[in-house]
K.L.:
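Before I ask anything, let me first share the structure, which is written out below as structure tokens.
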Amino acid sequence: MPKILDIRGNLSFAEDLNQIPFKIQRTYWLYDVPGGERRGGHAYRENEEFVIALSGSFDVVLDDGRKKQRFQMNRSYYGLYIPKGIWREMENFSTNSVALELGSAPYSEDDYIRNYDEFLTLKSSGKI
Ligand code: TYD
């Protein structure tokens, strides 16, 4: 992400359709995550996301049905784009970490795939 270094404190920013590759329709954030807890554990059919560790650190594990990749979000100026149709898990949250999530669509439970076997079936049949 852009980083404006300043002895008064650093600043980063994000604009939709600029640093963020979609129009932002939703913002939410995860905080007060107890040690050892995991979040995520699902894929979206349509929603795209962009994740930033505003404070502290956590890992995002992305899975396209073939391979998994772990991203360590431990800088406030790192941003992770998650395309639709990708299984995502979030874990290893540090104390007081805050995960900002920007989404391309409003919340809809119908957009979630929460069953991993269903995800693999949809992925291998090209439906997502
Ligand atoms: P969920 O996306 O399952 O959490 P995570 O993937 O981080 O573990 O959401 C948890 C609950 O919060 C679920 O009942 C739906 C609700 N929720 C909203 O109402 N709006 C939102 O934008 C999000 C992300 C979740």
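Keep in mind the model is a prediction, meaning the values are calculated, not measured. Ligands are counted one by one from 1 in listed order, and the atoms in each one are counted from 1 as well.
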K.L.:
Can you tell me if CG on Asn96 sees more than 12 non-hydrogen neighbours from other groups inside 6.0 Å?
P.N.:
no
K.L.:
Can you confirm whether some protein heavy atom lies under 4.0 Å from atom 11 (C) of ligand 1, or whether none does?
P.N.:
no
K.L.:
Determine, stepwise, if the pair Leu17 / Ile20 fulfils side-chain contact (heavy atoms from CB on, under 4.5 Å).
P.N.:
CA-CA 5 Å; Leu17 305 177; Ile20 311 300; over 6 Å; no
K.L.:
Tell me whether Arg114 at atom CZ has more than 12 heavy atoms from other residues, nucleotides or ligands lying less than 6.0 Å away.
P.N.:
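Yes - once you tally the heavy atoms of other residues, nucleotides and ligands closer than 6.0 Å, there are more than 12.
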K.L.:
What protein heavy atom sits nearest atom 9 (O) of ligand 1, and how far away is it?
P.N.:
Tyr112 OH, 4.1 Å
K.L.:
Would you say the side chains of Glu118 and Asn115 form a donor-acceptor pair under 3.5 Å?
P.N.:
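Looking only at side-chain atoms, Asn115 and Glu118 do not form any donor-acceptor pair under 3.5 Å.
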K.L.:
Is it the side chain (CB and beyond), the backbone, both or neither of His42 that lies under 4.0 Å from ligand 1, heavy atoms counted?
P.N.:
side chain
K.L.:
With heavy-atom distances below 4.5 Å as the criterion, would you say the side chains of Ile113 and Ile128 are in contact?
P.N.:
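Contact flag for Ile113/Ile128 side chains = yes.
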K.L.:
So, for atom 6 (O) of ligand 1, does the protein have a heavy atom nearer than 4.0 Å?
P.N.:
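There is a protein heavy atom less than 4.0 Å from atom 6 (O) of ligand 1.
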K.L.:
Taking both backbone and side-chain atoms of Gly40, is any N or O found less than 3.5 Å from an N or O belonging to ligand 1?
P.N.:
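By distance alone, the answer is yes.
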K.L.:
More than 12 foreign heavy atoms under 6.0 Å from OH of Tyr31: is that the case here?
P.N.:
no
K.L.:
Quickly, which of Val51, Leu62, Asp59, Val61 forms a side-chain contact (heavy atoms from CB on, under 4.5 Å) with Phe71? Name it, please.
P.N.:
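Result for side-chain contact (heavy atoms from CB on, under 4.5 Å) with Phe71: Leu62.
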K.L.:
Would one find an N or O of Arg39, backbone or side chain, under 3.5 Å from an N or O of ligand 1?
P.N.:
yes
K.L.:
For Arg26, take its heavy atoms, then give the atoms of ligand 1 lying under 4.0 Å from any of them.
P.N.:
21 (C), 22 (O), 23 (C), 24 (C)
K.L.:
Could you tell me if any non-hydrogen atom of Arg114 lies under 4.0 Å from any atom of ligand 1?
P.N.:
yes
K.L.:
Among protein heavy atoms, which lies nearest atom 15 (C) of ligand 1, and at what distance?
P.N.:
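Here the closest protein heavy atom is Tyr107 OH, 3.2 Å.
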